[in-house]
Amino acid sequence: MTSATRQPGTPAAASPARLIATDLDGTLLRDDKSVSPRTVAALAAAEEAGIEVFFVTGRPARWMDVVSDHVHGHGLAICGNGAAVVDLHGGPGAHRFVKVRELARENALKAVGLLREAAPGTVYAVEQTYGFHQEPDYPKLHMEIPDNLLPAEKLLASDGPDADQPVLKILAYHPSLDPDAFLTLARLAIGDHANVTRSSPSALLELSGPGVSKASTLALCCAERGISHEEVVAFGDMPNDVEMLTWAGQSYAMGNAHPDVVAAASGRTVANNDDGVAVVIEQLLADRLP
């Protein structure tokens, strides 16, 4: 199995890029959730040059419509912070799950219990392959209607709603804690029962299965293709991108990135609203010219 850990500060690889791994929100997408014409052209040029492009996001598969029109080549995306690999070729509403790395219900229940004790007032939502459920007090953070409103313990019970579907991740929201402080507290409280990260500017955490991250799933996908980490160029802006950026041979923090992301990446580009991903891809392709 390919390792998904590499220390920040490792010199950027000299190997030619074979795969581009890019986060979406705050990275590839502008703040209005659009993909600029310049970025569309850069992605197409990369694919034409033989470089695979992977969208690697915390979004669930059903939120991938923002890039469905820009699928070239293989059309695979890593969703849910590594919990699923999805084939986007079917178009909106017809995405196919290629790989699922679920959060076991016993782990999820243990993590919820530990975090309830460590951070009273936390409320939860449950993300599954095809379902979304939440507690009654969970705020309207997402543009969708939940399938069920129940306490997390009932949502995660062996006989709970959609019990036949894998749990991809748990969302944990706190109304008043500082986001970074909440992340640190949760990681200490939950330990190795789940992987804990965040991608929102609010105190909203994302809990996945132990060892499941953007980096570890990307490493698996690359190993299947015979691609080494030195041949990967990655882009990101938030803490859920840190592991992926430290693993990739070349990595870029966006101009709008969280400080932890800037520290983890081997390079930096301009902000998402200034087409920072396209700027780097254009330079990578220009460097290939004789």
Side-chain angles (χ1 to χ4, degrees), residues 12-13 15-79 84-96 98-99 214 217-218 221-222 224-237 241 244-245 248-257 265-290:
S15 303
R18 291 181 59 196
L19 187 142
I20 290 168
T22 179
D23 173 50
L24 294 181
D25 297 281
T27 301
L28 188 80
L29 304 180
R30 291 187 167 184
D31 288 347
D32 64 2
K33 306 307 179 186
S34 68
V35 184
S36 73
R38 180 180 182 181
T39 297
V40 170
L43 294 176
E47 293 266 10
E48 187 175 347
I51 303 173
E52 291 195 69
V53 176
F54 264 58
F55 301 126
V56 188
T57 178
R59 287 178 173 237
R62 64 183 179 279
W63 287 9
M64 295 301 289
D65 295 357
V66 291
V67 291
S68 289
D69 291 339
H70 312 299
V71 173
H72 308 280
H74 56 80
L76 293 181
I78 294 172
C79 297
V85 180
V86 181
D87 186 341
L88 303 180
H89 279 123
H95 302 141
R96 180 175 65 88
V98 176
K99 186 190 302 290
K214 289 185 176 185
T217 301
L218 178 61
C221 291
C222 287
E224 291 169 356
R225 290 158 177 75
I227 297 174
S228 69
H229 75 84
E230 291 94 345
E231 298 169 307
V232 176
V233 181
F235 300 87
D237 73 306
D241 297 313
M244 177 175 73
L245 297 179
Q250 298 180 59
S251 58
Y252 292 87
M254 307 305 292
N256 49 290
S266 60
R268 194 166 188 188
T269 185
V270 296
N272 62 316
N273 285 333
D274 297 320
D275 302 326
V277 173
V279 168
V280 174
I281 293 175
E282 290 164 358
Q283 187 59 56
L284 286 173
L285 297 179
D287 289 345
R288 291 184 166 209
L289 296 176

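Values reported hereafter were calculated over all heavy atoms of this structure, with side chains retained and with hydrogens, waters and symmetry mates removed.
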Audit row: Cys221, Ile78, side-chain contact (heavy atoms from CB on, under 4.5 Å) steps and yes/no: CA-CA 9 Å; Cys221 291; Ile78 294 172; 4.2 Å; yes

Under the side-chain hydrogen bond (donor to acceptor under 3.5 Å, both in side chains) test, residues paired with Ser228 that sit two or more places apart: Glu230, Glu231

Thr57 (side chain) donor-acceptor with Cys79 (main chain) under 3.5 angstrom: no

Partners passing side chain to side chain contact (heavy atoms under 4.5 Å, CB included) against Ala41 (at least two apart in sequence or in another chain): none

Non-neighbouring partners of Val270 that pass side chain to side chain contact (heavy atoms under 4.5 Å, CB included), sequence neighbours left out: Asp274, Val279

Pairs meeting criterion salt bridge (Lys or Arg N to Asp or Glu O under 4.0 Å) with involvement of residues 275-290, two or more places apart: Arg30-Asp275, Arg38-Glu282

Heavy-atom closest contact (Tyr252 atom, Val233 atom, distance): CE1-CG1, 3.8 Å

Under 3.5 Å donor-acceptor, Arg268 side chain and Gly255 backbone: yes

Set of salt bridge (charged side-chain N to carboxylate O under 4.0 Å, His left out) partners for Arg59, sequence neighbours left out: Asp25

Any residue meeting side chain to side chain contact (heavy atoms under 4.5 Å, CB included) with Asp237, in chain and number order, not counting sequence neighbours: Asp23, Thr27, Asp241, Met254, Asn256, Ala257

Test log, rule side-chain contact (heavy atoms from CB on, under 4.5 Å), inputs Leu88 and Leu76: CA-CA 6 Å; Leu88 303 180; Leu76 293 181; over 6 Å; no

By side-chain hydrogen bond (donor to acceptor under 3.5 Å, both in side chains) - contacts of Thr22 (at least two apart): none

Set of side chain to side chain contact (heavy atoms under 4.5 Å, CB included) partners for Ala21, sequence neighbours left out: Leu19, Val56, Leu218, Val232, Ala234, Met244

Which atom of Ile281 lies closest to which atom of Ala42, heavy atoms considered: CG2-O, 3.6 Å

